[in-house]
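Contents: one structure, followed by commentary.
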Amino acid sequence: MLLPIFVLFLSLLYAESPVIKFAEPSSWRYTGMGGAITAVPEGLDTLIHNPAGLTQKLFYPRKSFILSFSTQLYFKPQFLFPILKDISKVDNKLGQILLNAKDLITSSGLGATPSISFGYIGSNWGAGLFITASAFVQGSPFPLGVEGFTMVNLTLPVAYSLKAVEGRLVDISLGATFHPSVALYKMLDGSDVDAIAAGRNNVNEILEGILSTPYVSFPVDLGFLMVGYDLLYSGNQLRLAASLKNLFGDYFVPGQSVAPLPRELSFTVGLGTLFPFFIGKIPVDIVISGEAKSLNQLLSGSQTFFKSLAFGLEVAVAKVARIWCGLSSGYPAVGGQVSLGIFSLGASWQTIESGRYVGDNPLSIFQVGFAFVF
């Protein structure tokens, strides 16, 4: 129903080259499953990845508050440790750190995104507050030509979902999320980084003025989710999903002729299935998912087919532990979560392809965090 409309609208979309790639919040479940959760979203992920999931329960109880703290680190592991080399032998320690980070930055980039997420997930609607603080640099040659940014971003997502079709064997849900954002943004200039490395400048001068220009954005996400029940046995689910993210989403400065910061516009389709069963008296749920991401970029030729593919696996044991693994553009992902009452602790690792082709510029993401669900 909604899927043909998405495909028709797809012909009007052009692939964008977003400046901001790593400034938005993400869960450690998303990272651990290789990003393949469009068909199997839950919790705050429904506000970010597919609002149609609000009316299609997976694990999390409806009518719950979720408070999450996490940090994502972006780097290439084999280039991380040279950052610490020879620091004690020079007076300009910060400059030496920057110079020793050359291989890391020019090969894939270096960044971090700590975030705080709070939200309420109801039976068919949800709302939240997401705050992230991001910094990312990459470029070649180093340090001149370094491209990067610092950003503090506040997002207020409000999502609603309804069941367009509700039957004994099949449900179809449609959803939408409006998530206005305010960002304090500054591009990092290569000559400034060179000045720090040479000891002619300091970090405070580089970051001066970051609070003076707020950018705003008013993106809308659309979601579709069809769930078939009891197809193989009682409790089994088969899920078909689609999402269109970041419509009208570019950042701009109100009242100024400042060029907007593009946000990635993406159309994604996904499949998922849930296999619940028992080992003795212990409930075990297995979730398998797969999807093709950013199909609008694939059709425009700015992305290859294999880069768009992602697969995920989740094993949930009772309400205590989860294990994740996945593939994103052929790169592995892994993670896990332990829950004790309302408290959860999780960590995950994923490698993504930040270049155009698979193998072009892989970048590792390590994420760790904790959450309260009540």
Side-chain angles (χ1 to χ4, degrees), residues 3 26-46 48-62 64 66 121 123 161 163 165-173 175 223-243 268-293 309-328 330-340 344-350 371 373:
L3 197 56
S26 181
S27 69
W28 53 80
R29 179 175 182 259
Y30 176 89
T31 302
M33 294 182 68
I37 65 169
T38 300
V40 290
E42 64 166 357
L44 297 180
D45 282 336
T46 57
I48 303 173
H49 299 290
N50 190 351
L54 285 167
T55 54
Q56 303 285 4
K57 184 178 182 298
L58 194 61
F59 295 131
Y60 271 54
R62 289 296 180 257
S64 60
I66 302 172
I121 303 300
S123 57
S161 177
K163 286 190 177 182
V165 175
E166 187 171 4
R168 187 177 66 87
L169 296 178
V170 177
D171 287 345
I172 296 178
S173 294
F224 166 88
L225 182 58
M226 181 172 67
V227 180
Y229 298 97
D230 306 331
L231 299 180
L232 299 178
Y233 60 91
S234 178
N236 172 244
Q237 294 183 16
L238 180 63
R239 294 170 161 237
L240 172 65
S243 69
T268 296
V269 295
L271 285 170
T273 185
L274 167 65
F275 296 101
F277 60 95
F278 286 85
I279 298 179
K281 294 184 178 181
I282 301 176
V284 177
D285 297 295
I286 295 179
V287 174
I288 302 173
S289 61
E291 61 186 58
K293 298 175 176 291
L309 296 181
F311 302 93
L313 171 67
E314 177 176 36
V315 179
V317 180
K319 295 183 179 180
V320 177
R322 300 192 196 189
I323 298 174
W324 306 300
C325 63
L327 289 172
S328 177
Y331 299 113
V334 66
Q337 172 183 311
V338 176
S339 300
L340 298 173
S344 297
L345 178 66
S348 54
W349 177 286
Q350 178 188 11
V373 181

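Nothing here was measured: the structure is a model prediction, and the numbers come from that model. Heavy-atom basis, side chains included; hydrogens, waters and symmetry copies ignored.
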Would you give the length of the straight line joining atom CG of Leu240 to atom CG of Leu225, rounded to the nearest 0.5 angstrom? 8.0 Å
Nearest non-hydrogen partners of Ala52 and Ser161, listed with the distance: O-OG, 3.4 Å
Would you compute the distance between atom NZ of Lys163 and atom CG of Leu54 and round it to the nearest 0.5 angstrom? 12.0 Å
Which residues share a salt bridge (Lys or Arg N to Asp or Glu O under 4.0 Å) with Asp45, sequence neighbours left out: none
The residue among Leu309, Thr268, Val269 that forms side-chain contact (heavy atoms from CB on, under 4.5 Å) with Lys293 is Thr268
Once you round to the nearest 0.5 Å, how far does OG1 of Thr46 lie from CG of Leu44? 7.0 Å
Tested for side-chain contact (heavy atoms from CB on, under 4.5 Å) against Ile286, the lone hit among Leu274, Thr273, Leu313 is Leu313
Donor-acceptor pair, side chain of Ser348 and main chain of Trp28, under 3.5 angstrom: yes
Measuring only between side-chain heavy atoms, which start at C-beta, is Tyr331 closer than 4.5 Å to Gln350? no
Interatomic spacing from CG in Leu231 to CD in Gln237 - rounded to 0.5 Å: 9.5 Å
How far does OH of Tyr229 sit from CG of Asp171, to the nearest 0.5 angstrom? 4.0 Å
How long is the straight-line distance from OG of Ser328 back to CE of Met33, given to the nearest 0.5 Å? 12.5 Å
Okay, side chain of Asn236, backbone of Asp230: is any donor-acceptor separation there less than 3.5 Å? no
Any side-chain heavy-atom pair of Asn50 and Phe224 under 4.5 Å: no
Classify the side-chain pair Gln337/Ser339 by whether it contains a donor and acceptor separated by less than 3.5 Å. yes
Using atom types as modelled, flag every donor-acceptor pair under 3.5 Å from a side chain in residues 34-43 to any protein atom, sequence neighbours excluded.
from  : atom 1 : to     : atom 2 : distance (Å)
Thr38 : OG1    : Glu291 : OE1    : 3.0
Thr38 : OG1    : Glu291 : OE2    : 3.3
Glu42 : OE1    : Phe59  : N      : 3.4
Glu42 : OE1    : Tyr60  : N      : 3.2
Glu42 : OE2    : Arg322 : NH1    : 2.3
Glu42 : OE2    : Arg322 : NH2    : 3.0

Just to verify, what does Arg239 make a salt bridge (Lys or Arg N to Asp or Glu O under 4.0 Å) with, not counting sequence neighbours? none
